[in-house]
Structures are given as structure tokens and as C-alpha cells.
Amino acid sequence: LPRVLSGIQPTAGSFHLGNHLGALRQWVALQETTEAFYCVVDLHAITVPQDPAELRRNSLVSAAQLLALGVDPERSALFVQSHVPEHLQLSWVLECLTGFGEASRMTQFKDKSQREGTAGTTVGLFTYPVLMAADILVYQAQQVPVGDDQRQHLELTRDLAIRFNGRFGDTFPVPEGVIPEGAARVMDLQSPDKKMSKSLPPAGCIFLLDDPKVTAKKIRSAVTDTGREVVADPVEKPGITNLLTIHSTLSGSTVAELEERFAGRGYGDLKKELAEVVVDFVTPVRARTQELLDDRAELERVLAAGAARAREVAVGTVAAVYDRVGFLPPT
Ligand code: AQP
């Protein structure tokens, strides 16, 4: 079976609709046909300041949401990144293969370091993409389900795999991104020129664990475009196009079918129906997440089993890598 790896940050507690439509729904689909490793990437989270108690809590909330969305721990290894120290062991080796200039070209680093300012920008934020490469390569994963914003990081991962193989002998498959055709980049409801993100003001971001009333209100208040017609046009109508994409991906209707159905009706009708579609989707996810959180011991058991399964693979990769780069084996 092909191996799959993906991760998600626990930073906001609740995931958002961009995370789900861009990445998480693919996590669920891929576990049918692959051997999947899915992790809550708490090591990545601390590249920007975190409150320790909140981070711990958010890691549990994240794991519960993944289960509620359909990650099946019988099939896939679900774990917390910091429970598998081999990610860090491989990351160091990869850092020593990554050019400083190469890492400096990562656009996410440029954006985030601008936001954090010089004093707030850590070396960890800079090396984040190399740790992500290690997350993937430590499982020798072939497929990586991610949203469009991760393309550049994935390209770096591929380059590092090829470089390592070239220098030390064939070790890593060169992984492919699994980026969905629709909804690979869900846009912010208030600024449809920016991707939906937990770091923008919350009015434009649909959090899965929001109160459904808040969700409906955010959709009703979404920024729309000039004109009245409900048609997809990413250049002239980015707001409406985004709403149609979200509807289509959740409801299974094509964008063309939706355009036809809303012909002659206004933006308000589309928003009203979309609010129902989204609320119907998030309501059971919220309820199931809460149920899972109520049994913390079981949740911790699932994560411990996932980490044990992940380590079985990761330990072997690190041993092979350490041997190839010339480290003396411990006796
Ligand atoms: N708007 C989006 N559309 C489609 N996919 C998205 N992803 C994130 N935003 C969108 C995908 O979600 C997965 C997990 O992302 P992450 O945990 O790395 O979070 P992120 O990309 O850092 O998400 P945010 O909300 O944008 O956080 P900040 O503001 O901190 O950068 C990834 O597969 C990602 O592609």
C-alpha cells in the first residue's frame, strides 16, 4: 500500500473550513486505499508563541476533531508529532542539506516573519519547512494530502529527498502532493482575495467548532461582489465564486448546477442556502468532537497507539539515515 503522511497545527483549537475542504476530507478518503500517518503537529505550533495549557488542550481538541471528521484509528496511525522524536532527528540531517538561500525563498516564512516582526521571528519559523519535510520523509511517504498553500513546502521536500538519495544512496521515495481540484484554496469570507486562515480576523473564517448561529451569521455577512447574478468568475466575482465552491464541495452539486438553480435569484438566496449546508455539516462534527473529548482516557489511548505505530516505521528510517550519513552506531 502507498504510504501517506499529513499533519495539521493544533493552534486555534478548532479547525476551519479551509483546513477541511483543502486537506482533511482527503485524509479521510485516502485511508481507504493507503497506509496513512496523520499527526497533530504541535512542534510546528511553537514556531509562534503558545500558551502551554492552551496548546495541550488544543492538541486534544484537534485529535478529537480528526476522529469526528472520519479519521479511523484502526486504519490510520493518528498521533501527536512530539510523541515521535524521530521527526526531529531526521529534521537535523535535512537541515544540514538545505541551503540557507533555498530556505529564505519560502513565501510562507516571508509572510509570517513580516507578521511577527524581527524580534518575534524565530529560527524555528525559518526551519519549519525542513521539519515538515522530515515529517513526510520519516515515513517514506509517497502521497501528501495538503491544500494549495503547501505546494512550495512540498517542492522543498521533494528536492531534499532527491538530494539525499543522490548523495547517500536511494533512501526516500519522492513524495507527491494530493491537492484537491476544487476547494484547494478556500478564501476568507471578508477578504476573498486572501486564503481563509485562522490568523485573519475571525469574521471571515468558518471554524468547525463555532456555534452554528455564529457560522450562519458569518456566511450571511460574507463580502460579495458588484452585480446580482450568481455565477462563478474568480476575477470579477471572487466572493461569490468562493461561496459557490464551498457549497459545491460540501453538497456534491456541481458549480454549473448551482448557477442554474440560482439563476434569477440574488446573492441573499445563495447565502441562506449555503448557511444551511454548512450548519448541517458542522453540527454533527461538533457533537461528536465533544463526545470524544468527554472520554479523555480513550482519546489518549488512541494517540498512544498511533504514536507506537508511527515509531515502528520512523525508528527504522532514522537508523538507515544515520548509517548512510556516517554516524557511528551506538553499541
Ligand atoms: N484556506 C485554505 N484552503 C485550503 N486549504 C487550506 N489549508 C489551510 N488553509 C487552507 C490546509 O490545511 C492544512 C493544515 O494547515 P496548517 O495546520 O498548516 O495550518 P495553516 O496552513 O497554517 O492554516 P492557517 O489557518 O492559514 O494558519 P496560519 O494563519 O497560521 O498560516 C494544510 O494542508 C493546508 O494546506
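Computed from a predicted structure; not experimentally measured. Just so you know, ligand 1 is whichever comes first in the structure, and atom 1 is the first atom listed for that ligand.
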Check your understanding: Looking at D210 and K218, does any basic side-chain N land under 4.0 Å from a carboxylate oxygen?
Key -> yes
Exercise for review: Identify whether the distance between the nearest side-chain nitrogen and carboxylate oxygen of R288 and E291 falls below 4.0 Å.
Suggested key: yes
Point to revise | Nearest-neighbour protein heavy atom for atom 27 (O) of ligand 1, which is reported as residue plus atom name and distance | key: K198 NZ, 2.7 Å
Check your understanding: So, S113 side chain and K110 main chain: donor-acceptor pair closer than 3.5 Å or not?
Key -> yes
Check your understanding: Counting each atom of ligand 1 from 1 as listed, which ones have a heavy atom of Q150 under 4.0 Å away?
Key -> 21 (O), 35 (O)
Exercise for review: Heavy-atom distances under 4.0 Å are what count here, so tell me which part of R185 touches ligand 1: side chain, backbone, both or neither.
Suggested key: backbone
Point to revise | Minimum side-chain heavy-atom gap V40-N58 below 4.5 Å | key: no
Review point. Run the side chain to side chain donor-acceptor pair (under 3.5 Å) check on Q152 and T107 step by step: do they pass?
Key: CA-CA 8 Å; Q152 196 188 25; T107 57; 3.2 Å; yes
Review point. Within 45 degrees of the axis of the six-membered ring of Y267 and under 6.0 Å from its centre: does K237 put its NZ or CZ there?
Key: no
Check your understanding: When you measure from atom 33 (O) of ligand 1 to each heavy atom in S197, G177, G147, G18, which option holds the nearest one?
Key -> G147
Practice item. Report, in ascending order of atom number, the atoms of ligand 1 lying under 4.0 Å from any heavy atom of I8. Key: 14 (C), 17 (O)
Review point. Do any nitrogen or oxygen atoms of A183 come within less than 3.5 Å of a nitrogen or oxygen of ligand 1?
Key: no
Review point. Which bit of H44 is near ligand 1, meaning a heavy atom under 4.0 Å away: side chain, backbone, both or neither?
Key: neither
Practice item. For residues L137 and T317, determine if any side-chain heavy atom of one lies less than 4.5 Å from a side-chain heavy atom of the other. Key: no
Check your understanding: Looking at ligand 1, does any of its N/O atoms fall within less than 3.5 Å of an N/O of Q108?
Key -> no
**Study point:** Contact atoms of ligand 1, heavy-atom distance to V146 under 4.0 Å
**Key:** 33 (O)
Check your understanding: Is the Y139 to H87 ring centre distance short of 6.0 Å?
Key -> yes
Point to revise | V186 N/O to ligand 1 N/O under 3.5 Å | key: yes
Practice item. Give the numbers and elements of all ligand 1 atoms closer than 4.0 Å to a heavy atom of G22. Key: 4 (C), 5 (N)
Check your understanding: Taking the side chain from N165 and the backbone from T171, do they hold a donor-acceptor pair closer than 3.5 Å?
Key -> yes
**Study point:** Distance from atom 34 (C) of ligand 1 to nearest protein heavy atom, with residue and atom
**Key:** D149 OD1, 3.3 Å
Study note, to complete from the structure: For M196, the ligand 1 atoms with a heavy-atom partner under 4.0 Å come out as 1 (N), 2 (C), 9 (N)
Study note, to complete from the structure: protein heavy-atom neighbour closest to atom 8 (C) of ligand 1 works out as N19 ND2, 3.3 Å
Exercise for review: Would you check the N or O atoms of Q9, main chain and side chain alike, for any that come under 3.5 Å of an N or O of ligand 1?
Suggested key: yes
Revision key, fill the gap. protein heavy-atom neighbour closest to atom 26 (O) of ligand 1 works out as K195 NZ, 2.6 Å
**Study point:** Test item: S14 side-chain N/O and L208 main-chain N/O as donor-acceptor pair under 3.5 Å
**Key:** yes
Check your understanding: Hey, is the main chain of P173 close enough, under 3.5 Å, to the side chain of Q142 for a donor-acceptor pair?
Key -> no
Revision key, fill the gap. Checking heavy atoms under 4.0 Å, the part of K112 that sits near ligand 1 is side chain
Exercise for review: Check each of P10, S199, A184 against atom 4 (C) of ligand 1 and report the one with the nearest heavy atom.
Suggested key: A184
